[in-house]
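Here's the structure, in structure tokens; my notes come after.
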Amino acid sequence: QVQLVESGGGLVQAGGSLRLSCAASGRTFGTYAMGWFRQAPGKEREFVASISRSGGRQSYADSVKGRFTVSRDNAKSTAYLQMNSLKPEDTAVYYCAATPFISTTTKEADFRSWGQGTQVTVSS
């Protein structure tokens, strides 16, 4: 399994931006579809965005569409989540995830490897 490490979380005011990174171990990063999920206190983990192995296809939750952008750099074995126009309701622990089995997916159950999460807090 690939090992994932997220970074880039922090505290930001509403309307601000953050860029999350997800660094993967190994030299087969390009064979994994990548996803971003988040979990707010007292809520279930939810899908945020995903990107296909080549980066050619992206999917977004309706709540972040137009504000967040998912990307990847296979040469650097890193996936990114650019978050703009942040809102207090975006406050959560953000997780990246990887799956080698499917070219692209939005389903949490399809992902096999998970990072430890990074906290994003948006103040009003």
Side-chain angles (χ1 to χ4, degrees):
Q1 286 187 338
V2 65
Q3 304 299 313
L4 304 173
V5 179
E6 301 98 334
S7 61
L11 174 64
V12 64
Q13 289 187 334
S17 298
L18 282 175
R19 188 196 196 200
L20 304 184
S21 298
C22 175
S25 65
R27 295 175 289 180
T28 60
F29 180 70
T31 64
Y32 289 83
M34 299 297 296
W36 288 94
F37 292 78
R38 67 187 182 186
Q39 187 168 21
K43 295 186 177 181
E44 294 186 351
R45 188 158 58 186
E46 64 176 2
F47 168 77
V48 175
S50 65
I51 188 167
S52 62
R53 295 164 176 165
S54 67
R57 284 181 289 172
Q58 303 91 39
S59 297
Y60 298 94
D62 288 342
S63 58
V64 307
K65 202 169 293 184
R67 300 188 298 123
F68 290 12
T69 302
V70 60
S71 62
R72 65 189 298 160
D73 185 337
N74 286 349
K76 295 183 178 180
S77 297
T78 303
Y80 304 96
L81 184 67
Q82 178 67 44
M83 305 185 294
N84 299 328
S85 302
L86 282 161
K87 306 175 181 179
E89 51 264 44
D90 294 319
T91 295
V93 177
Y94 282 71
Y95 300 89
C96 69
T99 179
F101 304 118
I102 304 174
S103 61
T104 184
T105 179
T106 63
K107 299 178 181 178
E108 181 174 347
D110 288 337
F111 289 90
R112 292 294 181 268
S113 300
W114 293 82
Q116 82 289 350
T118 185
Q119 177 70 47
V120 171
T121 303
V122 184
S123 63
S124 57

Show, in sequence, the C-alpha distance, side-chain angles and deciding distance for Ile51 and Thr104, and conclude whether the side chain to side chain contact (heavy atoms under 4.5 Å, CB included) test is met. CA-CA 6 Å; Ile51 188 167; Thr104 184; over 6 Å; no
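- Rounding to the nearest 0.5 angstrom, the gap separating the OG1 atom in Thr118 from the CG atom in Leu20 is 6.0 Å.
- Taking hydrophobic clusters as Ile, Leu, Val, Met, Phe, Trp and Tyr residues chained together by side-chain heavy-atom distances below 4.5 Å, Val93 shares a cluster with Trp114.
- To the nearest 0.5 angstrom, Gln116 atom CD is 9.0 Å from Leu4 atom CG.
- With sequence neighbours excluded, no residue satisfies salt bridge (charged side-chain N to carboxylate O under 4.0 Å, His left out) with Arg57.
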Counting only pairs under 3.5 Å, give me each side-chain donor-acceptor contact of residues 75-83, with atom names and distances, residues two or more places apart or in other chains.
unit_1, atom_1, unit_2, atom_2, d
Thr78, OG1, Lys76, O, 2.8
Gln82, NE2, Asn84, OD1, 2.9

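- Using a 4.0 Å cut-off between charged nitrogen and carboxylate oxygen, Lys65 and Asp62 count as a salt-bridge pair.
- Qualifying ring pair (Phe, Tyr, Trp, His ring centres under 6.0 Å) partners for Phe47, counting only residues two or more places apart in sequence or in other chains: Phe37.
- Pairs engaging residues 41-54 under the side-chain hydrogen bond (donor to acceptor under 3.5 Å, both in side chains) rule: Arg38-Glu46, Arg45-Glu108 [sequence neighbours left out].
- The two residues Ala98 and Val2 have their closest heavy-atom pair at CB-CG1, 3.8 Å.
- Annotation: the span from Asp73 atom CG to Phe29 atom CZ amounts to 8.0 Å, rounded to 0.5 Å.
- Between Ala14 and Pro88, the closest heavy-atom pair is CB-CD, 4.1 Å.
- Leu86 and Val12 get closest at one heavy-atom pair: CD1-CG1, 3.6 Å.
- Residue Val122 comes nearest to Thr91 through the heavy atom pair N-OG1, 2.9 Å, listed as atom of the first residue, atom of the second, then distance.
- A distance of 5.5 Å separates SG in Cys22 from CD in Glu6, rounded to the nearest 0.5 Å.
- Of the inter-residue distances, the one linking Thr99 atom OG1 with Gln1 atom CD reads 10.0 Å to the nearest 0.5 angstrom.
- Among all heavy-atom pairs drawn from Phe111 and Gly35, the shortest one is CE2-N, 3.4 Å.
- A donor-acceptor distance shorter than 3.5 angstrom exists from the side chain of Thr31 to the backbone of Thr28, with no hydrogens or angles considered.
- Put simply, the side chain of Arg72 never gets that close to the backbone of Gly55: no donor and acceptor are under 3.5 Å apart.
- In this view, Gln119 and Thr121 satisfy the side chain to side chain donor-acceptor pair (under 3.5 Å) rule, not counting sequence neighbours.
- Remark: the backbone N or O of Gln3 is paired with a side-chain donor or acceptor of Ser25 at under 3.5 angstrom.
- In this structure Tyr95 satisfies the ring pair (Phe, Tyr, Trp, His ring centres under 6.0 Å) test with no other residue, sequence neighbours excluded.
- What you find for Tyr60 and Val70 is that their closest heavy atoms are OH-N, 2.9 Å.
- The OG atom of Ser85 lies 7.0 Å from the CZ atom of Arg67; values are rounded to the nearest 0.5 Å.
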